Number of protein chains: 2
Amino acid sequence: MHVTPDTPPRPKRRYARRLPVEQRREHLLDAALRVIARDGYESVSIEAIAQEAGVTRPVVYSAYDGLEPLLHALLDRTQRRALASALRLMPQPGGDQDVAEWALEAYAALLDIVRKEPDVWRPVLGLTRNAPAVVRDRIDATRDLIRGYLADAFQEGLERRHASAHDSKEVDVDLLAHLTLVTAEEFARLTLEDPDRYDKDRLLATIETLLSSFTDR
Amino acid sequence: MHVTPDTPPRPKRRYARRLPVEQRREHLLDAALRVIARDGYESVSIEAIAQEAGVTRPVVYSAYDGLEPLLHALLDRTQRRALASALRLMPQPGGDQDVAEWALEAYAALLDIVRKEPDVWRPVLGLTRNAPAVVRDRIDATRDLIRGYLADAFQEGLERRHASAHDSKEVDVDLLAHLTLVTAEEFARLTLEDPDRYDKDRLLATIETLLSSFTDR
DNA sequence: CGCTGAACCTACAGTGGTGTAGCAAAGAGG
DNA sequence: CCTCTTTGCTACACCACTGTAGGTTCAGCG
């Protein structure tokens, strides 16, 4: 008669598919993103990512030096994807389009982009709660960057107007940039959370009204 | 000759002042708030709170059933303090003040309140990063509540205008409430983060311009 | 002044994550 | 078919926090 051990010697893990480091890195970033999307930032750990990726922790450590570097890399990737398209919305240096017109088009384009790639934008827009310090700092820095571009764009656009017509309304460009960005984020969030209720036309109509206060008359 | 142990038997903790449960609870909430303000939400733990309060963990457990209930209580307290003053800004039911006028005054009052009690408002405005799920959910719910009030106020105010003058401009009250709230939060943040740069007058001037687009003409 | 109960403390067992050393398997090249 | 390198796995030591059982202190009251 033989003894059955109370914990049968676990059937030994099956070997995961072998990947060169670079591919493994991508693989891990994808896994991390899935974890974040599913369970939120508070549940992200080397352990969780390894498990999601179907791999053991040492594998993760061989690709990244720890959780922070990994998240950092994930942010880099996201930034390349999201920031790039955001900046593309900025007015062309040589363009002579009217500011209000440009702003409206930029909003429209943004909403399109966001709805097309929700997985890229959701974490950016803070829908994924509890981002750790690294993440928040990065997002904040990016936000500042964009706001700077926005302020410049408004400044230039309004000056050009000034030159042609001579309506000398004083506008606080800095605050305008703040408001524009905050509004854009809120609207993007609304589009993501409830696309049916907050459709593009509805959002844009309100934006138009809003813009008029700064640029009309 | 006697042996000096390598770890000298720690001099036995001094007894903390004894407090009845209710007072201890307040004490712990204060400690928790300090921890959050100093180290952020990600560092909040029973352990950290106990230490900050100069007390051992079992004491915390005798006051609250764990971290979540404690944070919940902290939120209740904050809500009593913050939400109350926020709701007081809403227009009086019997009042017949103009909407735009009221909105501007409410903004002004909000900025005053926020600057007067930064410790109450900082966590509410999300300046303290990484709020755990409980906290975020609560803040979100409160935000929804306030937005509801806002929407009602605008609806009513605009209808009254409609009645007297007959400027029948269509306004998306729901979105207007969204924008108002988001703007208020951003401005409150700005006031808290850089009061010199973003003084009250500057912020209010921009608000006034903004409001005009929805209510003028 | 001694008792008693409320309020604290110490100590321990449990859980889940970290980071690393060293062995095992895959699979490419001879 | 054997060998060597690369990639993955197991196993361990460690840490921080959780939750609780059981002993200790102190303040108030008879």
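All values below were derived from every heavy atom in this structure, side-chain atoms included, with hydrogens, water molecules and symmetry-related copies excluded. Below, chain A is the first sequence line, B the second, and so on; all start at residue 1. Quick caveat: nothing in here was measured; it's all calculated off a predicted structure.
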Euclidean distance, atom [atom1] of residue [X] to atom [atom2] of [N] [Å, nearest integer]:
X	N	atom1	atom2	answer
E47(B)	dA11(C)	CD	C1'	14 Å
Q23(A)	dT6(D)	CD	P	16 Å
L19(B)	dG5(C)	CG	C1'	17 Å
R25(B)	dA7(C)	CZ	P	10 Å
R57(A)	dA13(D)	CZ	P	14 Å
E42(B)	dC17(D)	CD	P	13 Å
Y64(A)	dG19(C)	OH	P	16 Å

### Query
Is it true that D30(B) and R77(B) have a side-chain N and a carboxylate O under 4.0 angstrom from each other?
yes

Taking the side chain of [X] as heavy atoms from C-beta outward, which of [options] is closest to it?
X	options	answer
R13(B)	dT10(C), dC8(C), dA26(C)	dT10(C)
I46(A)	dA7(C), dC9(C), dT18(C)	dT18(C)
Y61(A)	dT20(C), dA7(C), dT18(D)	dT20(C)

### Message
Counting only heavy atoms not in D65(B) (residues, nucleotides, ligands), do more than 12 fall under 6.0 Å from its CG?
### Response
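No, not enclosed.
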
### Query
Between the base of dA27(D) and the side chain of R18(B), is there any donor-acceptor pair under 3.5 Å?
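For R18(B), whose side chain was compared with the base of dA27(D), there is no donor-acceptor pair (under 3.5 Å).
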
### Task
Indicate, with a heavy-atom threshold strictly under 4.0 Å, whether S45(A) touches base, sugar-phosphate, or nothing.
sugar-phosphate

### Task
Check every strand shown and say whether L67(A) touches a base, only sugar-phosphate, or nothing at a heavy-atom separation below 4.0 Å.
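Result for L67(A) = nothing.
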
### Task
Tell me whether the OP1 or OP2 atom of dG8(D) has a side-chain N or O from R24(A) closer than 4.0 Å.
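R24(A) to dG8(D) OP1/OP2: side-chain N or O found under 4.0 Å.
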
## Note on the structure
Residue pair D65(B)/Y15(B) against DNA chain D: nearer the 5' end by closest nucleotide is D65(B)

